[in-house]
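Whatever order the structure lists them in is the order used to number ligands and atoms, beginning at 1.
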Amino acid sequence: MIELYGWSDALQLAFEPHARAGYVPARVIVQQREADLVVTDVGTLSARLSGRLRHEAREAGHPAAGDWVAVSAKAGEGTATIHAVLPRRTAFVRRAADSVQTLQVIAANIDVVFVVTSMNADLNPRRLERFLAAAWQSGARPVVVLTKADLCEEPERQAAEIATLAVGCPVVVVSARQGQGLRGLMDHIRPGETCVLIGSSGVGKSTLVNALVGEERMATQDIRAADARGRHTTSHRQLILLPGGGLLLDTPGIREVGLIDADEGLGTVFDDIEQLARNCRFRDCGHTTEPGCAVRDALNAGLLEADRWAHFQKLSRELAALDLAKDRAAQVVERRRQAGLQRAYRSTKRDLRDPDS
Ligand code: GDP
Ligand code: ZN
């Protein structure tokens, strides 16, 4: 069963200390506030964090959809306890809604990121760059998907143009409406590999998901599992098995990842300010005391509102901080990966003494 979800020899190796502790491997297919749903060899179970993991989660964050975890299963009751999260190969990280510092993993162990953009709309290269940057940052392989080929006169020419923006990424042309290019898209995921779709609203992601998964299958992907109190609940599966043997992870928030720090870039919202800044004498003008600063001139002349300027500066600072935070988060992830095995060994000993801690 878990082989279908991408269980591998490498994971088996990482899991050994947990196996010795009597735990079984599971993958998170739905991440929820109360209890996650995990898939195991004994079925889909409703899983809660162990006391110790809950404590750790305050700092390290909750397991995310796509995570591999070590659980003790009560198959008869349909429940499980999560004791450890296996080191992640890749992760999408974003700032938690309620905090500047806390970073949240929204999807883990993604192999391929389909960066979706449509052929009919005017392409925004900066936005594409942002999505690509988010994809690279996750550690997964990006593939650019150009949708709505049926609305484009010369799809191949446009694909070639985009290939020059997306250096190092394959570019795939599809039309979900005509069922064209879907096979070629699936060729980019091997059996057991997990993909996500990211991109702006309206480019055709939902349509593509439906075409890949099949509409009826989509409906049957709702799962019933016992929650921690033994009630049966229905949840929408976030990790979906694809007919070709790959997996699609479609969690809330993943599709627009990269928009948070980009959106239409500050650029679209603050286009006027970017225009102004281009007229500053110095290219790297800090808009404070530099001579020939077009931004200060506009402020002094009342052509640029002070509030708007302050807002722009604040957002710029936040974006810079976010980039820094992401770099730091990547370091933390790596350190944890290193520390993970050691800790797993230590906790193995502890758990053998006290299985419910
Ligand atoms: P999302 O916001 O990225 O999930 O985009 P949707 O899947 O909701 O699609 C947005 C619109 O584009 C809908 O009206 C779709 O019917 C349309 N659309 C999606 N794929 C195609 C396609 O391949 N060809 C054409 N002509 N329209 C499409
Ligand atoms: Zn300036």
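The side chain of D150, and not its backbone, has at least one atom closer than 4.0 Å to an atom of ligand 1 (non-hydrogen atoms only; side chain from C-beta on). By the criterion of a heavy-atom distance under 4.0 Å, both the backbone and the side chain of V203 are placed next to ligand 1. Counting heavy atoms closer than 4.0 Å to ligand 1, residue A149 contributes nothing at all.
An N or O contact shorter than 3.5 Å links T207 to ligand 1 by distance.
Note on D111 versus R190: no salt bridge recorded, every NZ/NE/NH1/NH2 to OD/OE distance being 4.0 Å or above.
For ligand 1, the atoms sitting less than 4.0 Å from at least one non-hydrogen atom of K205 are 1 (P), 3 (O), 4 (O), 5 (O), 7 (O), numbered in the order shown with element in parentheses. The contact set between ligand 1 and S201, taken as ligand atoms under 4.0 Å from a residue heavy atom, comprises 2 (O).
Judged by distance alone, the side chains of R141 and T90 never bring a donor and an acceptor atom under 3.5 Å apart.
Aromatic pair W68/Y5: centroids not less than 6.0 angstrom apart.
Across G202, A211, A176, heavy-atom proximity to atom 23 (O) of ligand 1 is greatest for A176.
Taking CD of Q31 as the reference point, atom CG of D36 lies at 5.0 Å (rounded to 0.5 Å).
Protein heavy atoms all stay at least 4.0 Å away from atom 14 (O) of ligand 1.
Atom CD of E3 sits in a crowded spot, with more than 12 heavy atoms from other residues, nucleotides or ligands closer than 6.0 Å. Atom CG of D9 has 12 or fewer heavy atoms from other residues, nucleotides or ligands within 6.0 Å.
The closest approach between any non-hydrogen atom of T147 and ligand 1 is not below 4.0 Å.
The minimum distance between the Zn ion (ligand 2) and any N, O or S atom of H287 involves atom ND1.
Two residues are said to be in side-chain contact when any heavy atoms from C-beta on lie closer than 4.5 Å; F114 and T147 fail this criterion.
At the top of the distance list for atom 5 (O) of ligand 1, counting protein heavy atoms only, stands G204 N, 3.0 Å.
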